[in-house]
Q: 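The following block contains the structure, expressed as structure tokens.
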There are 2 protein chains.
Amino acid sequence: MRPTVHDIAAAAGVSLATVDRVLNRRPGVRHVTREKVETAIRQLGYIRDVAAANLAKGRTYPLVFILPASDNSFMHGLNGEIRQAILRSAAERTDIRTIEVPAFDPAALVAMLEELSREKPCGVAMVATDAPEVCATVDKLVHAGFPIVTLVSDLTGSLRHHYAGVDNIAAGRTAARLLGRFLRPRKGEIAVLAGSMLVRDHRERLEGFTAVMAEEFPDLAILPVLEGRDDPEIAHMLVADALARNAGIVGVYSLGAGNRGLIRALKEKAVDRTLTVIAHELTTHTRAALIDNTIDAILNQDAGHEVRSAIRVLKAKADGLPVIDAQERIRLDIFLKDNLP
Amino acid sequence: MRPTVHDIAAAAGVSLATVDRVLNRRPGVRHVTREKVETAIRQLGYIRDVAAANLAKGRTYPLVFILPASDNSFMHGLNGEIRQAILRSAAERTDIRTIEVPAFDPAALVAMLEELSREKPCGVAMVATDAPEVCATVDKLVHAGFPIVTLVSDLTGSLRHHYAGVDNIAAGRTAARLLGRFLRPRKGEIAVLAGSMLVRDHRERLEGFTAVMAEEFPDLAILPVLEGRDDPEIAHMLVADALARNAGIVGVYSLGAGNRGLIRALKEKAVDRTLTVIAHELTTHTRAALIDNTIDAILNQDAGHEVRSAIRVLKAKADGLPVIDAQERIRLDIFLKDNLP
DNA sequence: GATTTTTTGATTTACGTACATCAGAATTGG
DNA sequence: CCAATTCTGATGTACGTAAATCAAAAAATC
């Protein structure tokens, strides 16, 4: 049988109350006594029963998700996954709230974080906007004891406890290798459609993509990046225009959202050409396009996994428990038409 | 605040004892009274606090993992992951045991299942050997109320509650498309190295592979399957021999274990040739081969995820709780050298 | 040595559920 | 209507921990 607090008390020759004081870091225990108790804990291999403790404490985990107010499929999906998590919150003792802040607006994000720090959530998950002031605020909150995880987009250099998202540089590199290998031995030009170069994840994908393209596929030239602002209409216009004026395009890498517009442009302008296309994020549109061969591969991050992972990590951090790193690693999904879920 | 059994009792106008009898399906409650209680439960949205219930019951989850006694990297890895899970068992109230049975031996597996059914584990996870008698035994146990999940290799047509493994047909199809696209427009022959055609997962991978090859890449011919029995030595011999006598081989698909031998053969015999190689299972050997370009892509199933998923599902089934399907779906990982973990 | 302060012990209640017991009520059969 | 049976209520204990209270002991201060 697992040892309990009673066993510790008996083994250390102290009372239950003293064990409790040691376990919960309450004052009023002499140093030597504390050591006696800690020795007993180690010797018996005592592990606190978190379920019983939470029951006794009546603990709940008030968590906050901060999301950008962007209107694209991915963010909608993310929101949906959070709503699913809220439905499970009764069973998981969580109390989840989402807050929207203007996208790409560091000041608004900082203000929201400051405001949140006054009420005391036991954890914050945020889609980070990459700016020094955000970083500074996050560091401040972490020092003050708030568990914070970044979601989808990281805040490198900050002290956030965890990042629940994919490695975007690796994603870009993978896209490049897939596209390069699929196209070989053809020569030609590659169109890249991004949302905005102001967003860290897009910048990182592009960085990884261009690096591998340059190293390994010199026969393929990357055209200037088209910034579609994650908007289907703009994406459509930009891609249609690029295809119309440049007959040398053999491949397309879409590293942001707004793929609906991309797909429309491909179907209008590229019927007779054999373009190889790689896009990010599995949505109903990209899925259909993958199946009808308009798109050749989709790179995806599973929003559901990201949300569940963020919650698990925040709860663990709040309780001071370890996390299983391998479990919390968000993998880059590569979908061909054959392995769609 | 969440409603408790007390609230239910008050709302239904009955005593705590009666609510308890309803909740735990104990006898001694008239039909009308039972309905009153169930209505109250629904109206208040009562959800049983599983943590408190488990505490009161002193519940633990005795789980059994049945594994084939095969000596390959993948099974070693799987075993390691189970050991990791055993280390966590104190915190998760599990009591996990592994049992080895001779590989590919339906009779032994059936005997073990029969034996297990006498002691009463609250769940069984098994790497299934695909045979009618195994299927029948599993169905019998499921009917008797044992939660059973298959691990890595499924038992289609059986009543097992869940399969914690990848879709192997999809895996084979994906391998074919990757290989086909990487090789295009070359023509030539494809060598396929399998473990044994007696194992369902290998058969399924081959089935998916040949299907897509035939449909989409008619310029690539599949050579007769080499059965390496998941043994590095045999694999080495078979592949070395095939490469030596057939200069038309342009690609290799290794769908089983024993990749150490394959890699050695490739390095010896194919230095001057540009072979495209796709293999299954990420191990130290395949990882190194991917990095040094001996292998072009690795398809993988994450044993850690499979084990953790099996445990979650078994616990949920034992408690009659729902599982999050999307969370428990084991994905096919595709690794290029750029997205290695 | 008396007083104050700090440390410790003993005890109790609580969290939400499970489970057992026993008495009393309602229902059924004769 | 009485007896036998089937329900239901009331109550208590338990699970492992948290947290509070108050008394007692030990240590530190003067």
Side-chain angles (χ1 to χ4, degrees), chain A residues 1-41 44-61 89-93 95 122 318-321, chain B residues 1-41 44-61 89-93 95 122 318-321:
Chain A
M1 265 291 84
R2 261 172 83 171
T4 72
V5 277
H6 295 85
D7 302 320
I8 304 298
V14 299
S15 78
L16 257 182
T18 304
V19 175
D20 183 67
R21 286 175 189 125
V22 173
L23 278 174
N24 295 293
R25 301 184 158 61
R26 271 188 270 275
V29 183
R30 240 187 323 166
H31 190 66
V32 280
T33 318
R34 166 157 279 137
E35 297 233 303
K36 263 198 302 186
V37 174
E38 278 165 354
T39 308
I41 289 176
L44 296 187
Y46 169 79
I47 298 167
R48 188 206 232 91
D49 184 328
V50 186
N54 284 343
L55 176 60
K57 278 192 287 209
R59 193 194 207 325
T60 56
Y61 301 83
S89 57
E92 298 175 354
R93 293 183 163 272
D95 174 17
C122 80
D319 289 335
L321 296 173
Chain B
M1 265 292 82
R2 261 172 83 171
T4 73
V5 276
H6 295 85
D7 302 322
I8 305 297
V14 300
S15 77
L16 258 182
T18 304
V19 175
D20 183 66
R21 285 174 189 123
V22 173
L23 278 175
N24 295 295
R25 301 185 158 61
R26 271 187 269 274
V29 184
R30 239 187 325 167
H31 191 65
V32 280
T33 319
R34 167 158 275 137
E35 298 234 303
K36 262 199 302 187
V37 174
E38 277 166 353
T39 308
I41 289 175
L44 295 187
Y46 170 79
I47 299 166
R48 188 204 232 94
D49 184 328
V50 186
N54 283 345
L55 176 61
K57 275 192 286 208
R59 193 193 207 327
T60 55
Y61 300 85
S89 57
E92 297 176 354
R93 295 184 161 273
D95 174 18
C122 81
D319 289 336
L321 296 175

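Nothing here was measured: the structure is a model prediction, and the numbers come from that model. Values reported hereafter were calculated over all heavy atoms of this structure, with side chains retained and with hydrogens, waters and symmetry mates removed. Quick note on labels: first sequence line is chain A, next is B, and so on, each numbered from 1.
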Q: Between B:H31 (NE2) and D:dC7 (P), how many Å, whole number?
A: 12 Å
Q: Please check the phosphate of D:dA19 (OP1 and OP2 only) for any side-chain N or O of A:R26 closer than 4.0 Å.
A: yes
Q: Take B:A17 and B:A56, find for each the nucleotide of DNA chain C with the closest heavy atom, and name the residue whose nucleotide sits nearer the 5' end.
A: B:A56
Q: Taking 4.0 Å as the cut-off, does a side-chain nitrogen or oxygen of B:S15 come that near to OP1 or OP2 on D:dA10?
A: no
Q: How close or far is atom C1' of C:dC15 from atom CG of B:L16, stated in whole angstroms?
A: 14 Å
Q: Please determine if a side-chain N or O atom of A:T4 lies less than 4.0 Å away from the OP1 or OP2 oxygen of D:dG16.
A: no
Q: Under 4.0 angstrom, heavy atoms only, what part of the nucleic acid is A:R21 near: base, sugar-phosphate, or nothing?
A: base
Q: Measure the CD1-CG distance between A:I8 and A:D20 for me, rounded to the nearest 0.5 Å.
A: 12.5 Å
Q: Whole-Å distance between D:dA18 P and A:R93 CZ?
A: 13 Å
Q: Any side-chain N or O of A:R48 less than 4.0 Å from the OP1 or OP2 oxygen of D:dG16?
A: no
Q: May I ask you to say what A:A53 touches in the nucleic acid, namely base, sugar-phosphate or nothing, with a heavy-atom cut-off under 4.0 Å?
A: sugar-phosphate
Q: Using the closest heavy atom to pick a nucleotide of DNA chain D for each, name whichever of B:L55 or B:P27 lands nearer the 5' end.
A: B:P27
Q: Out of B:V5, B:D7, B:V37, which residue meets the side-chain contact (heavy atoms from CB on, under 4.5 Å) rule with B:Y46?
A: B:V5
Q: Taking only side-chain nitrogens and oxygens of A:R30, does any of them come within less than 4.0 Å of OP1 or OP2 of C:dT6?
A: no
Q: Does A:N54 reach a base, just sugar-phosphate, or nothing at all? Heavy atoms under 4.0 Å.
A: nothing
Q: Looking across every strand, which nucleic acid part, if any, lies under 4.0 Å from A:V14 by heavy atom: base, sugar-phosphate, or nothing?
A: sugar-phosphate
Q: Tell me: CD1 of A:I8 to P of D:dG16, nearest whole Å?
A: 13 Å
Q: Would you mind reading off the distance between B:D20 atom CG and D:dT13 atom C1', rounded to a whole angstrom?
A: 13 Å
Q: Atom NZ of B:K57 and atom C1' of C:dA20: how far apart are they, to the nearest Å?
A: 16 Å
Q: Taking any heavy-atom pair under 4.0 Å as a contact, classify B:G28: base, sugar-phosphate, or nothing.
A: base
Q: Closer to the 5' end of DNA chain C via nearest nucleotide, is it B:L23 or A:V29?
A: A:V29
Q: Rounding to a whole Å, what distance do you find between A:R25:CZ and D:dT17:P?
A: 16 Å
Q: Side chains of A:V22 and A:K36: does their closest heavy-atom pair fall under 4.5 Å?
A: no
Q: For a 4.5 angstrom cut-off between non-hydrogen side-chain atoms, does A:R34 reach A:T18?
A: no
Q: Classify the nucleic acid contact of A:D49 as base, sugar-phosphate or nothing, counting any heavy atom under 4.0 Å across all strands shown.
A: sugar-phosphate
Q: Whole Å only: how far is the CZ atom of B:R59 from the C1' atom of C:dC19?
A: 15 Å
Q: Considering only heavy atoms from C-beta outward, does the side chain of A:R93 approach that of A:L55 to under 4.5 Å?
A: yes
Q: Would you find a donor on one side and an acceptor on the other, under 3.5 Å apart, between the side chain of A:D49 and the backbone of A:A51?
A: yes
